[in-house]
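Single-structure report; data block below.
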There are 2 protein chains.
Amino acid sequence: MSTAAPTPRKSSSGPDGLAVSGSELPIGNSPTAALDGLEHSRDTFITHWAEMGSSWGVPRSVAEVHALLFIEGRAMCADEIMERLQVSRGSVSMTLRTLSEWGIVTKTHQRGDRKEYFEAEQDVWNLLSLIVRARKRRELEPLLAALDETRHAANGETTASDAELKAHIARLDSMHDALQRLDRLSDRFIGRGGKGLDVAVRVLSSFL
Amino acid sequence: MSTAAPTPRKSSSGPDGLAVSGSELPIGNSPTAALDGLEHSRDTFITHWAEMGSSWGVPRSVAEVHALLFIEGRAMCADEIMERLQVSRGSVSMTLRTLSEWGIVTKTHQRGDRKEYFEAEQDVWNLLSLIVRARKRRELEPLLAALDETRHAANGETTASDAELKAHIARLDSMHDALQRLDRLSDRFIGRGGKGLDVAVRVLSSFL
DNA sequence: CGAAGTTTTCAAATATTCTTGAAATCAATG
DNA sequence: CATTGATTTCAAGAATATTTGAAAACTTCG
């Protein structure tokens, strides 16, 4: 088991916690030896990126696949990914679809090869923009719409025209307005081909 | 089903989706009637806020408790919360601790009452700042530290001084640098008493 | 069109995360 | 300092989310 996944979340039945330990790196001949350190470094990156992802609500394996493609910096096919990460074909398939929907991974082909290859956006600012865009659409906007509706429904309340109702509506409004401002702001900065976020950060950095 | 929790995730054994139904709220006298619409509106808010939270990795019930405290806009005790949200005492306790750690809920007392009361930050920009601060500390900074370490470890690679190693380090660097820039930026804007985020948004709004 | 190679789907299995509830701890009170 | 009321803890249970694997559906090629 030389190419184990970065994070072996799957407990093997036997007491072999260290099976994947020191016996794989130093083996091989010269070119392999050189790559082993890299491989390990990549694993580390993948592990940390996946951990952050999962604490932000991104399924661990989605983050892992993305991390792998990002840090390898080249197109890989499903087989290679599942081998490297030790996950099932089905999982890789769904994961790649998710990443494609977010726009941070793109499908490519290699001539003479029937398989599909995938590669990750390499520009980090562009990457972040795409992520923001996806989450904004999927999560922020629906919330805004819901708040808006709730606010209007509450406004139509006939029964209570007292201070309490006013305060309630004010709360809904303040939440809605703040989120809407963030929403609109992000529109502008993710609009221009991914460099917007970079620009925004630079502007703000020099400001305060 | 008037006072059911915003989201009845818990399936009761029998086919009685409405078991906890109409027998408690509408009972009282005139003022109660006026509150029904409000109550419903609050439930809606709680549901949506909780849903957004859970898609961002915040446990649903944490988001629910926060939403309740925010939208009620007053201090509530554990009993009231567990009653309203239909969750266990233990859950409310842990949830309130989490929210306190994030700094978006504070403990208060009422004289002559032994119970602890809790209330949520009402200023939305301040609220957002506090959330950003908490997540930054808990998730962004550890990742930055890990990336940093990984980068240096990779740099020390003796075996491969070829182009591949350079490209690898460049990738780690670009990721680290972008995140670090965001990290430092947020420092400044969450620093000044919560108004920083508001200011940042205003500045950027007028910029591009 | 049929065979071979590839990808997608999805119900079942698995793993993870969250919730509960009751005992333990803590705090105020007389 | 014992009692009562309130809160915290945490192991067990419940619910949710994720992964698998094998069958179905495509696709390309001969």
Side-chain angles (χ1 to χ4, degrees), chain A residues 5-13 50-51 53-66 68 75-101 105-118 138, chain B residues 5-14 17 20 50-51 53-66 68 75-101 105-118 138-139:
Chain A
T7 45
R9 301 187 289 305
K10 188 135 301 176
S11 60
S12 33
S13 33
E51 180 146 347
S54 78
S55 84
W56 281 81
V58 178
R60 181 175 291 268
S61 69
V62 172
E64 275 180 357
V65 170
H66 172 258
L68 173 61
M76 299 175 79
C77 67
D79 289 297
E80 202 177 355
I81 295 171
M82 58 185 275
E83 164 84 13
R84 177 66 143 74
L85 260 27
Q86 294 289 103
V87 291
S88 72
R89 183 173 300 282
S91 182
V92 168
S93 174
M94 291 181 125
T95 277
L96 286 171
R97 157 145 64 177
T98 299
L99 291 170
S100 296
E101 281 167 358
V105 151
T106 52
K107 209 177 283 190
T108 68
H109 287 277
Q110 297 198 354
R111 59 178 188 133
D113 192 340
R114 226 149 121 178
K115 288 200 270 294
E116 292 179 317
Y117 285 73
F118 297 85
R138 203 152 35 84
Chain B
T7 44
R9 303 186 287 307
K10 185 131 302 175
S11 59
S12 30
S13 34
V20 203
E51 179 146 348
S54 78
S55 83
W56 281 81
V58 179
R60 181 176 291 268
S61 68
V62 172
E64 275 179 359
V65 170
H66 172 258
L68 174 61
M76 298 175 80
C77 67
D79 289 296
E80 201 176 358
I81 295 170
M82 59 183 276
E83 164 84 14
R84 176 66 142 75
L85 259 28
Q86 295 289 105
V87 291
S88 73
R89 184 173 299 282
S91 182
V92 168
S93 173
M94 291 183 123
T95 277
L96 285 171
R97 157 144 65 173
T98 299
L99 291 170
S100 296
E101 280 168 358
V105 151
T106 52
K107 207 177 286 192
T108 68
H109 288 276
Q110 297 198 353
R111 58 177 190 135
D113 193 338
R114 226 149 119 179
K115 286 200 272 291
E116 292 178 317
Y117 285 73
F118 298 85
R138 203 152 35 84
E139 289 137 16

**Request:** Answer yes or no: are there more than 12 heavy-atom neighbours, outside B:Arg138 itself, under 6.0 Å from its atom CZ?
**Result:**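 Counting other residues, nucleotides and ligands, CZ of B:Arg138 exceeds 12 neighbours.
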**Prompt:** Does CD belonging to A:Glu51 count more than 12 external heavy atoms closer than 6.0 Å?
**Reply:**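 Open.
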[X] has an atom [atom1]; how far is it from atom [atom2] of [N], in whole Å?
| X | N | atom1 | atom2 | answer |
| --- | --- | --- | --- | --- |
| B:Phe118 | D:dA6 | CZ | C1' | 11 Å |
| B:Gln86 | C:dC18 | CD | C1' | 17 Å |
| B:Gln110 | C:dA28 | CD | P | 16 Å |
| B:Leu85 | C:dT19 | CG | C1' | 13 Å |
| B:Lys115 | D:dT4 | NZ | P | 17 Å |
| B:Glu64 | C:dT19 | CD | C1' | 12 Å |
| B:His109 | C:dT29 | NE2 | C1' | 16 Å |
| B:Glu80 | D:dA6 | CD | C1' | 16 Å |

**Prompt:** How long is the span from the OH atom in A:Tyr117 to the CD atom in A:Gln110, to the nearest 0.5 Å?
**Reply:**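 It comes to 4.5 Å.
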**Prompt:** How long is the gap from CG on A:Leu96 to CE on A:Met76, to the nearest 0.5 Å?
**Reply:**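 Here the rounded value is 10.5 Å.
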If you only use heavy atoms from C-beta on, which nucleotide in [options] is closest to the side chain of [X]?
| X | options | answer |
| --- | --- | --- |
| B:Ala78 | D:dT19, D:dT20, D:dT7 | D:dT7 |
| B:Met94 | D:dT20, D:dT9, C:dT7 | D:dT9 |
| B:Arg97 | D:dT9, C:dC18, D:dT19 | D:dT9 |

Between [X] and [N], is there a side-chain N or O to OP1/OP2 distance below 4.0 Å?
| X | N | result |
| --- | --- | --- |
| B:Ser88 | C:dT19 | no |
| A:Ser93 | C:dT9 | no |
| B:Arg60 | D:dT16 | no |

**Request:** Tell me which of B:Ser91 and A:Ser91 sits closer to the 5' end of DNA chain D, going by the nucleotide each one is nearest to.
**Result:**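 Nearer the 5' end of the strand: B:Ser91.
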**Asked** Where each residue is assigned the nucleotide of DNA chain D containing its nearest heavy atom, which of A:Pro59 and B:Cys77 is assigned the position nearer the 5′ end?
**Response**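 On the 5' side of the pair lies B:Cys77.
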**Asked** With nearest nucleotides of DNA chain C determined for B:Val62 and A:Gly90 from heavy-atom distances, which residue corresponds to the more 5′ nucleotide?
**Response**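 Upstream on the strand: A:Gly90.
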**Request:** Select from A:Ser54 and A:Tyr117 the residue whose nearest nucleotide in DNA chain C is closer to the 5' end of that strand.
**Result:**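 Its nearest nucleotide being more 5', the pick is A:Tyr117.
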**Request:** Can you run down the salt bridge (charged side-chain N to carboxylate O under 4.0 Å, His left out) pairs that involve residues 85-95 of chain A, sequence neighbours left out, and say none if there aren't any?
**Result:**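 Residue pairs with at least one partner in residues 85-95 of chain A: A:Asp79-A:Arg89.
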**Asked** When only distance counts, do a donor and an acceptor, one from the side chain of A:Arg114 and one from the base of C:dT6, lie under 3.5 Å apart?
**Response**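 Answer is no: no donor-acceptor pair is held.
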**Message:** Taking donor-acceptor contacts at under 3.5 Å, does the side chain of B:Arg89 reach the base of D:dA6?
**Reply:**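 Donor-acceptor pair under 3.5 Å: no.
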